[in-house]
Amino acid sequence: MSPDGMSPDGHEPPADAAGEGYRSAPRGRFRNAFHFSPDAQMVTDGRGIILDANHAAAELLRCPKEFLIGKPLALFSVGGERPQFYTVINQLARGTATVTFETRLARRGEEPRAVHLIAWSGDGDGAGVRYLHWLARDVTDLRRSEAARAELQRRLATAQEDERRRVARDLHDTVSQTLTALALGVRAVRDAAPLPEPVLSRLDHVQHLADEMARQLHELATRLRPTALDDLGLEAAARQLVADWSARTGVAADFQAVGFAEQRFPSEIETALYRVVQEALTNVAKHSGARRVAVVLGRSDGSVVAVIEDDGTGFDPENVTQTPTPGRSGNGRSRLGLFGMRERVGLVGGTLEIESNPGQGTTVIARIPLSAPPG
Ligand SMILES: Nc1ncnc2c1ncn2[C@@H]1O[C@H](COP(=O)(O)OP(=O)(O)OP(=O)(O)O)[C@@H](O)[C@H]1O
Ligand SMILES: [Mg+2]
């Protein structure tokens, strides 16, 4: 106890844990700091019964201070989240110094408020009386704008995929058909009459160009949006992607799908994982100098996982900036790939891990839960 009769943490100790003796704490300048703090602050006893509350707390809970005192703090929590308070109280009782958590507090006649809480335990009088201090910040508006931003990004990602699907289909239905007609026309001319050798070889060349253009167009359309992803699902589309990539780059690639059994998943999850595999393979070809790549799709514990592992040069993920670098930097790299992968996976509630060390290859792991709704 300090000379002015206050506890070391600025609160007068209560006569008993239920708070009847907790009359005028905190005092002096501490009292002003407590009562006029812009953050909601409360003091409870060891069982979570409110002993004191400042103006911001009364405002947050839309309750006069007199009404708050003597009530269990958990009473103001949204029903289903009430046990969380008792978990925190138990943690503090067991000696955890500080607990930080987020919950929703109910307000009569209004929408609940999302609140970020910090709770810590203070030894009031050195005689075993414990107070719990609660500092609450209303994060409702922040969470709403985060949710709105995530929703907007999700819509943008969906719109982008829809657009790619449309362009891929248009390429197939228009230019691709015209090219086929061109190739057939050339063949017809070639077969129509005996032609001099120079004309024949020119026609062969034109035929070859038409075939090559058709192949490139098909590859472009597939990269934009493989029809297999919509028609056959992630496993088939990724298997094809890995095979095409390996043939194009000459890097040996092994593909496995574990626990899939040709199962389909929500389109946004399949698309996100497909795009992760696509970008990870592009990175392997661009940066790693790898000789072998293994791509594994797996389903376990209610999530779908994609793992892309290479035996290349590796890099230090910490050194690669977490934010995108739009445009081309001096070394000719835009560095949007890893950022884009993380964003995509995050939008469907998943996580992206990158394990890499210089000289030891790289493993990219995307994990998306199946049950949790996106966002
Ligand atoms: N498999 C890998 N092996 C070695 N280095 C890698 C690998 N994947 C990524 N990197 C490193 O991480 C950096 C960031 O990758 P990221 O995909 O974000 O950007 P980028 O490939 O350079 O450009 P962008 O993908 O935007 O065209 C790369 O420039 C490279 O240095
Ligand atoms: Mg990249």
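Numbers here are sequence positions counted from 1. Counting convention: from 1, in listed order, for ligands and their atoms alike.
- Arg144 CZ to Glu111 CD: the interatomic distance, rounded to the nearest 0.5 Å, is 6.5 Å.
- In this structure, Thr282 and His287 have side chains that are not in contact, with every pair of non-hydrogen atoms separated by 4.5 Å or more.
- A donor and an acceptor atom, one from each side chain of Gln263 and Arg299, are located under 3.5 Å apart.
- Between atom 17 (O) of ligand 1 and the options Asn283, Asp311, Thr313, the minimum heavy-atom separation is to Asn283.
- Atom CG in Leu60 sits 5.5 Å away from atom CG in Leu105 (nearest 0.5 Å).
- Heavy-atom proximity to atom 2 (C) of ligand 1, evaluated over Asn319, Thr362, Thr363, is greatest for Thr362.
- Of all protein N, O or S atoms, those under 2.8 Å from the Mg ion (ligand 2) number 2.
- Checked options Glu270, Glu161, Glu343; the residue passing with Arg275 is Glu161 (criterion: salt bridge (Lys or Arg N to Asp or Glu O under 4.0 Å)).
- Residue Asp310 touches ligand 1 through its side chain alone, judged by heavy-atom distances below 4.0 Å.
- Atom-to-atom distance recorded for Asp162:CG and Arg225:CZ is 8.0 Å, nearest 0.5 angstrom.
- Backbone and side-chain nitrogen or oxygen atoms of Lys286 are examined, and one is located within less than 3.5 angstrom of a nitrogen or oxygen of ligand 1.
- Against a heavy-atom cut-off of under 4.0 Å, Glu279 is close to the following atoms of ligand 1: 17 (O), 25 (O).
- The side chain to side chain donor-acceptor pair (under 3.5 Å) search around Glu355 returns none, not counting sequence neighbours.
- Residue Leu336 has at least one N or O atom closer than 3.5 Å to an N or O atom of ligand 1.
- Considering backbone and side-chain N/O atoms, Gly337 comes within less than 3.5 Å of an N/O atom of ligand 1.
- Applying the salt bridge (Lys or Arg N to Asp or Glu O under 4.0 Å) criterion to Arg107, with sequence neighbours excluded, gives Glu110.
- Side chains of Ser37 and Asp39: no donor on one and acceptor on the other come within 3.5 Å.
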Could you list the donor-acceptor pairs under 3.5 angstrom formed by side chains in residues 172-184, with sequence neighbours left out?
unit_1	atom_1	unit_2	atom_2	d
Thr174	OG1	Asp170	O	2.5
Thr178	OG1	Thr174	O	2.9
Thr180	OG1	Ser176	O	2.9

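- Residue-level proximity to ligand 1 for Leu338 is carried by backbone and side chain together, each with a heavy atom below 4.0 angstrom.
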